[in-house]
Number of protein chains: 2
Amino acid sequence: MWRMPKLADHEERRARIVAALLRIAASRGLHAASMRTVAAEAGVSVSTVQYYFGTKERLLFAGLQHQAEAVGRRIEAGLAANPGGSVRDSLYAWLVQLIPVNEQQRAGYTVFAAYHALALTDPALAEQSYTRGSDELEVVLRALLADAQQAGELSSGRDVGAEAGNLLALATGLADSVMADMRTPEAATALLNYQLDQLFVAASSTSPAAARRP
Amino acid sequence: MWRMPKLADHEERRARIVAALLRIAASRGLHAASMRTVAAEAGVSVSTVQYYFGTKERLLFAGLQHQAEAVGRRIEAGLAANPGGSVRDSLYAWLVQLIPVNEQQRAGYTVFAAYHALALTDPALAEQSYTRGSDELEVVLRALLADAQQAGELSSGRDVGAEAGNLLALATGLADSVMADMRTPEAATALLNYQLDQLFVAASSTSPAAARRP
DNA sequence: GATCGTACAGTACAGTCGTACTATCAAAGC
DNA sequence: GCTTTGATAGTACGACTGTACTGTACGATC
């Protein structure tokens, strides 16, 4: 029988409990995440959850924070995976990270949707700016588009500020439609590619949108 | 055979209770809508709610159904309010209904977000196709765009199917950004107008996007 | 080696949940 | 007028909730 070392690693314990919370939120819903179910999922007692988070409100808070950081990391990873490519491909690499293409991303989106709905009626949760990542992403998109416009890669008469906002909103809406099972992930990424093809001048688009599907 | 209602109007009672449920869901969240709080908000006893809906699951079901029908009615009203206008103005009239511009629409969106999050982990709720309205809207958009394309009003090289899907996703994403307080409703409608201006040939757009803001 | 604080487990408590059950009261049908 | 039935209220029950409290084994410190 294994016994816990008496001096525990707080960060590891907290991470384990938060992971249990997010697993439950993704599979059974955030409303099913009680002190008892989270403790059982993490393999600890309720008192341990109390010891590391004090109150359930703080536990939920930690869960949202973890989720927001995870989204931020995934978006950054999307750029790092495409270092030397064109601006168009970089834009695609950023935006496609918002569309849930596998079960893990879908689970993350489920948790995010639950927190989002909760924040709409809970001022304490809304104060935590969990959408800051999106704001930062919009700034990055605008900068990329400005570069492309100066290089003459964009269609004429485009407003880079408006295009950045609309691309982000488009990716968000496409993600919604995938989550609602109105569209397959492949169809959503194809639509995203179509929009980028319209934005960039035709000469730079050497392949049809369908060929870009992963 | 028709029978006179003995005492109460069932439809009126059910509507009153569902309205109470949706008020609570919009103000305090769907998790705060219990049998007791809904009954108190409707000014009836818990037994009355039980009498008309039997179980809470069926009450929640009725609330979602009412909400979906309300969204459908609002979108239809959006078209009826603009009967003789251009295709571009009709498109705008449809799509702008998705963006919450006042407190009532924001409340409706809050309820919808709560149900959406719940449906992601509740198979019984997900089976009810509450997104059918969006599917039908996409069909209408595609038809409108096809007409406009045949009339030569669209920019060249546009795929009406992709444009319809992307316009709907864009409006959804803009609605999300407004709900998350990342953008004002005015900014969202301006972005929507910008996108429509890009889609339609420049000659038909006689005023800058900013002038179209309501 | 006694003492102290950390890291848990167990339990108790007050409250809320959905729902079942019983009672009541007025209108409908005979 | 009596019986039946629809429409409501009140209440009770078991399950679950978050949290406070108590106990306790063990590593660190002196």
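Protein chains get the first letters and strands the later ones, always in sequence-line order, with residue 1 at the start of each.
Residues from residues 28-40 of chain B placing a heavy atom under 4.0 Å of any atom in DNA chain C, listed by number, are Ser34(B), Met35(B), Arg36(B).
When the side-chain nitrogen and oxygen atoms of Tyr52(B) are compared with OP1 and OP2 of dT8(D), one or more of them lie within a distance under 4.0 Å. OP1 and OP2 of dT8(D) both lie 4.0 Å or more from every side-chain N or O belonging to Tyr51(B). A close approach under 4.0 Å does not occur between any side-chain nitrogen or oxygen of His10(A) and OP1 or OP2 of dT6(C). For the OP1/OP2 pair of dA9(C) and a distance below 4.0 Å, the side-chain nitrogens and oxygens of Ser45(A) include at least one atom meeting the criterion. Remark: Thr55(B) is in phosphate contact with dT19(C), judged by side-chain N or O atoms under 4.0 Å from OP1 or OP2.
Among the heavy atoms of the strands lying under 4.0 Å from Thr48(B) are primed sugar atoms or P, OP1, OP2 only; no base atom is included.
Atom CZ of Arg13(A) and atom P of dA7(C) are 9 Å apart (whole Å). Whole-Å rounding puts the Asp9(A) CG to dT6(C) C1' distance at 14 Å. Rounded to an integer number of Å, the gap from CG of Leu59(B) to C1' of dT19(C) is 14 Å. The separation between Arg16(A) atom CZ and dA7(C) atom P is 15 Å, rounded to whole Å. Between Lys56(A) atom NZ and dT17(D) atom P the separation is 8 Å, expressed in whole Å.
Applying the side chain to side chain contact (heavy atoms under 4.5 Å, CB included) criterion to Arg58(A), with sequence neighbours excluded, gives Thr55(A). Under the salt bridge (charged side-chain N to carboxylate O under 4.0 Å, His left out) criterion, Arg16(B) pairs with Glu12(B), sequence neighbours left out. Listed by chain and residue number, Arg106(B) satisfy the salt bridge (charged side-chain N to carboxylate O under 4.0 Å, His left out) test with Asp181(B) (two or more places apart in sequence, or in another chain). For Tyr109(A), the side chain to side chain contact (heavy atoms under 4.5 Å, CB included) test picks out Ala175(A), Asp176(A), Met179(A), with sequence neighbours left out. Shown here are the side chain to side chain contact (heavy atoms under 4.5 Å, CB included) partners of Val87(B), two or more places apart in sequence or in another chain: Leu91(B), Leu144(B), Ala148(B), Glu153(B), Phe200(B). Annotation: side chain to side chain contact (heavy atoms under 4.5 Å, CB included) contacts of Gln128(A) (sequence neighbours excluded): Phe61(A), Leu64(A), Gln65(A).
Rounded to the nearest 0.5 Å, atoms CE (Met35(A)) and CD1 (Ile17(A)) are 9.5 Å apart.
A salt bridge is defined here as a Lys NZ or Arg NE, NH1 or NH2 lying under 4.0 Å from an Asp or Glu carboxylate O, and Glu138(A) with Arg183(B) meets this definition.
Listed by first then second residue, pairs satisfying side-chain hydrogen bond (donor to acceptor under 3.5 Å, both in side chains) with a partner in residues 112-127 of chain B read His116(B)-Tyr130(B), not counting sequence neighbours.
Both Gln50(A) and Gln50(B) lie near DNA chain D, and the one whose nearest nucleotide falls closer to the 5' end is Gln50(B).
For the helix from dG1(C)-dC30(D) to dC30(C)-dG1(D), the angle separating the two terminal helix axes comes to 10°, with each axis derived from five pairs and the value rounded to 10°.
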